[in-house]
Trainee: 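What follows is a structure written as structure tokens; I'll ask about it next.
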Amino acid sequence: GWVDFNATPRYVKEALEYIKGGAAIDVGSYTGRNTFFLAENGFDVTAVDTSHENLLELAEKSREKNIPIDCITTDILHLQTTKTFDLVLCTMVMHFLDDQDLEDGFNKLKDLTKPGGINLVSVLLKKDGPIARPHLFEPGELREHYPGWEILDYLESFGPKYQENDESPVVRAPRAIIIARKPAEE
């Protein structure tokens with residue numbers, strides 16, 4: 001099938017097998033497809049996106065649905081909050097970071113995570129990848145960013161059909177998805 005930007009991906013739904021409710025942050029929330037799914041499943045959600053327009057649309061939906069969502073306009077590298085989260089969701093964002101910013105980005109995701117909390121991250125892979133981004137991941141590379149964390153699920157596969165714009169070709173891009181649990185404090 002095609003990428004449906006209004007439908008929550010299966011792997012986000014599957015994350016609920018590992019965590020039920022709590023505080024969640026959706027980094028790269030776009031207009032809220034995953035944000036609202038999490039809110040409707042018992043999470044107190046903060047949405048983060050670089051696009052003020054996306055967050056305005058998300059805030060409007062939040063009012064219409066009467067679901068409170070905190071919205072922050074920034075990127076992962078400049079996100080400043082004292083809160084930590086039970087679930088940190090970051091889908092199709094990290095490959096937009098330059099190589100020199102990648103480790104800082106992953107450290108930020110991990111720092112946002114409560115002990116025993118979950119990170120769900122998806123990225124584009126370089127392997128036969130038809131889409132250009134600042135950092136396309138090598139096979140296995142996403143897993144390497146989580147040493148000492150319990151890997152609950154890891155998948156590398158081709159995603160659904162996708163077209164960046166009307167002039168670009170239709171592609172199925174290779175991706176990696178990880179669900180990892182931060183160690184509990186001792």
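Just so it is clear, the structure is predicted and the values come from calculations on it, not from any experiment.
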Trainee: Report the distance from atom CD1 of I69 to atom OG1 of T46, rounding to the nearest 0.5 Å.
Mentor: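 It is 8.0 Å, given to the nearest 0.5 Å.
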Trainee: Where do G105 and L77 come nearest, in terms of heavy atoms and distance?
Mentor: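 G105 and L77 have their closest heavy atoms at N-CD2, 3.7 Å.
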Trainee: List the atom of S51, the atom of T73, and the distance in Å for their closest heavy-atom pair.
Mentor: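 Looking at all heavy atoms of both residues, the closest pair is C-CG2, 4.4 Å.
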Trainee: Tell me, do F37 and L16 make a side-chain contact under 4.5 Å, heavy atoms counted?
Mentor: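 The answer is yes, as the side chains (C-beta and beyond) meet within the 4.5 Å cut-off.
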Trainee: Restricting to side-chain contact (heavy atoms from CB on, under 4.5 Å), what partner residues turn up for D99, sequence neighbours left out?
Mentor: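 Counting only residues at least two positions away or on another chain, D99 forms a side-chain contact (heavy atoms from CB on, under 4.5 Å) with H135.
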Trainee: Do Y30 and F96 sit in one hydrophobic cluster, given that two such residues count as connected whenever their side-chain heavy atoms are within less than 4.5 Å of each other, even indirectly?
Mentor: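 Y30 and F96: separate clusters.
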Trainee: In chain order, what residues pass the side-chain hydrogen bond (donor to acceptor under 3.5 Å, both in side chains) check against N54, with sequence neighbours excluded?
Mentor: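 In terms of side-chain hydrogen bond (donor to acceptor under 3.5 Å, both in side chains), with neighbours along the sequence ignored, N54 is linked to D49.
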Trainee: Just how far is it from atom CE of M92 to atom CG of N34, taken to the nearest 0.5 Å?
Mentor: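 If we round to the nearest 0.5 Å, M92:CE and N34:CG are 11.0 Å apart.
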Trainee: So, using salt bridge (charged side-chain N to carboxylate O under 4.0 Å, His left out) as the criterion, who are the partners of K13 when residues are at least two apart?
Mentor: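 Applying salt bridge (charged side-chain N to carboxylate O under 4.0 Å, His left out) to K13 gives none.
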Trainee: Under the side-chain hydrogen bond (donor to acceptor under 3.5 Å, both in side chains) test, which residues partner S29, sequence neighbours left out?
Mentor: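 Residues passing side-chain hydrogen bond (donor to acceptor under 3.5 Å, both in side chains) with S29: none at all.
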Trainee: What pair of heavy atoms forms the shortest contact from F43 to K20, and how long is it?
Mentor: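 Result for this residue pair: CZ-C, 4.3 Å.
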Trainee: May I ask you to test the K110-N107 pair for a side-chain heavy-atom distance under 4.5 Å?
Mentor: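 Heavy-atom side-chain distance check passes, below 4.5 Å.
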Trainee: Hey, what do you get for CG (L120) to CG (D26), rounding to the nearest 0.5 Å?
Mentor: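 It comes to 10.0 Å.
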Trainee: Using the side-chain contact (heavy atoms from CB on, under 4.5 Å) criterion, which residues pair with V123? Sequence neighbours excluded.
Mentor: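 Testing V123 for side-chain contact (heavy atoms from CB on, under 4.5 Å), a comparison that skips the adjacent residues, returns M94, H95, V121, F137, L142, A176.
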Trainee: Between G32 and L58, what is the shortest heavy-atom contact and its length?
Mentor: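 Looks like CA-CD1, 3.5 Å.
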Trainee: In the single-linkage hydrophobic clustering (I, L, V, M, F, W, Y; side-chain heavy atoms under 4.5 Å), do V88 and L38 co-cluster?
Mentor: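 Different clusters: V88 never reaches L38 through Ile, Leu, Val, Met, Phe, Trp or Tyr contacts under 4.5 Å.
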Trainee: Can you hop from I179 to V27 via hydrophobic side chains spaced under 4.5 Å?
Mentor: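 Per the 4.5 Å side-chain linkage, I179 and V27 are not co-clustered.
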Trainee: Out of curiosity, does V93 fall in the hydrophobic cluster containing L155 (side-chain heavy atoms, cut-off under 4.5 Å, transitive links)?
Mentor: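 No, because L155 and V93 fall into different hydrophobic clusters, even though each may have its own neighbours under 4.5 Å.
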Trainee: Find out whether I118 and T113 are in side-chain contact, i.e. whether some heavy atom of one side chain is under 4.5 Å from a heavy atom of the other.
Mentor: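 Side-chain contact under 4.5 Å: no.
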Trainee: Please identify each residue that fulfils salt bridge (charged side-chain N to carboxylate O under 4.0 Å, His left out) with E141, with sequence neighbours left out.
Mentor: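 In terms of salt bridge (charged side-chain N to carboxylate O under 4.0 Å, His left out), with neighbours along the sequence ignored, E141 is linked to no residue.
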Trainee: Can you tell me how far apart CD1 (I72) and CD1 (I25) are? Round to the nearest 0.5 Å.
Mentor: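 Spacing of CD1 (I72) from CD1 (I25) equals 5.5 Å.
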Trainee: Extract all donor-acceptor atom pairs below 3.5 Å that involve side chains of residues 146-154 and protein atoms in other chains or at least two apart in sequence.
Mentor:
{"residue": "Y146", "atom": "OH", "partner": "N119", "partner atom": "OD1", "Å": "2.8"}
{"residue": "Y154", "atom": "OH", "partner": "E156", "partner atom": "OE2", "Å": "2.5"}

Trainee: Can you check whether I76 reaches L97 side chain to side chain, under 4.5 Å on heavy atoms?
Mentor: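 Side chain of I76 against side chain of L97, heavy atoms only: contact under 4.5 Å found.
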Trainee: Donor-acceptor pairs are to be reported for all side-chain atoms of residues 78-85 against protein atoms at under 3.5 Å, with residues two or more places apart or in another chain.
Mentor:
{"residue": "H78", "atom": "ND1", "partner": "D75", "partner atom": "OD1", "Å": "2.8"}
{"residue": "H78", "atom": "ND1", "partner": "D75", "partner atom": "OD2", "Å": "3.1"}
{"residue": "T81", "atom": "OG1", "partner": "K83", "partner atom": "N", "Å": "3.1"}

Trainee: Kindly write out the residues that satisfy side-chain hydrogen bond (donor to acceptor under 3.5 Å, both in side chains) with E138, not counting sequence neighbours, or none if the list is empty.
Mentor: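 Residues passing side-chain hydrogen bond (donor to acceptor under 3.5 Å, both in side chains) with E138: K126.
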Trainee: Could I get the full list of salt bridge (charged side-chain N to carboxylate O under 4.0 Å, His left out) partners for D86, not counting sequence neighbours?
Mentor: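 Salt bridge (charged side-chain N to carboxylate O under 4.0 Å, His left out) list for D86, sorted by chain: K114.
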Trainee: Who passes side-chain contact (heavy atoms from CB on, under 4.5 Å) against R63, sequence neighbours left out?
Mentor: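 R63 satisfies side-chain contact (heavy atoms from CB on, under 4.5 Å) with A59, E60 once adjacent residues are dropped.
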Trainee: Considering non-hydrogen atoms only, spot the tightest contact between I177 and S122 and give its length.
Mentor: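 Nearest pair, atom of I177 first, then S122: CG1-CB, 3.9 Å.
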Trainee: Do H145 and L102 have side-chain heavy atoms sitting under 4.5 Å apart?
Mentor: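 Answer yes - side chains close enough.
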Trainee: Can you get from I178 to I19 by hopping between Ile, Leu, Val, Met, Phe, Trp and Tyr side chains that sit under 4.5 Å apart?
Mentor: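 Shared cluster, no.
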Trainee: Quick check: closest heavy atoms across F36 and S62, and the distance to 0.1 Å?
Mentor: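 In terms of heavy atoms, the two residues are closest at CZ-N, 3.5 Å.
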Trainee: E14: what forms a side-chain hydrogen bond (donor to acceptor under 3.5 Å, both in side chains) with it, not counting sequence neighbours?
Mentor: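 In terms of side-chain hydrogen bond (donor to acceptor under 3.5 Å, both in side chains), with neighbours along the sequence ignored, E14 is linked to R10.
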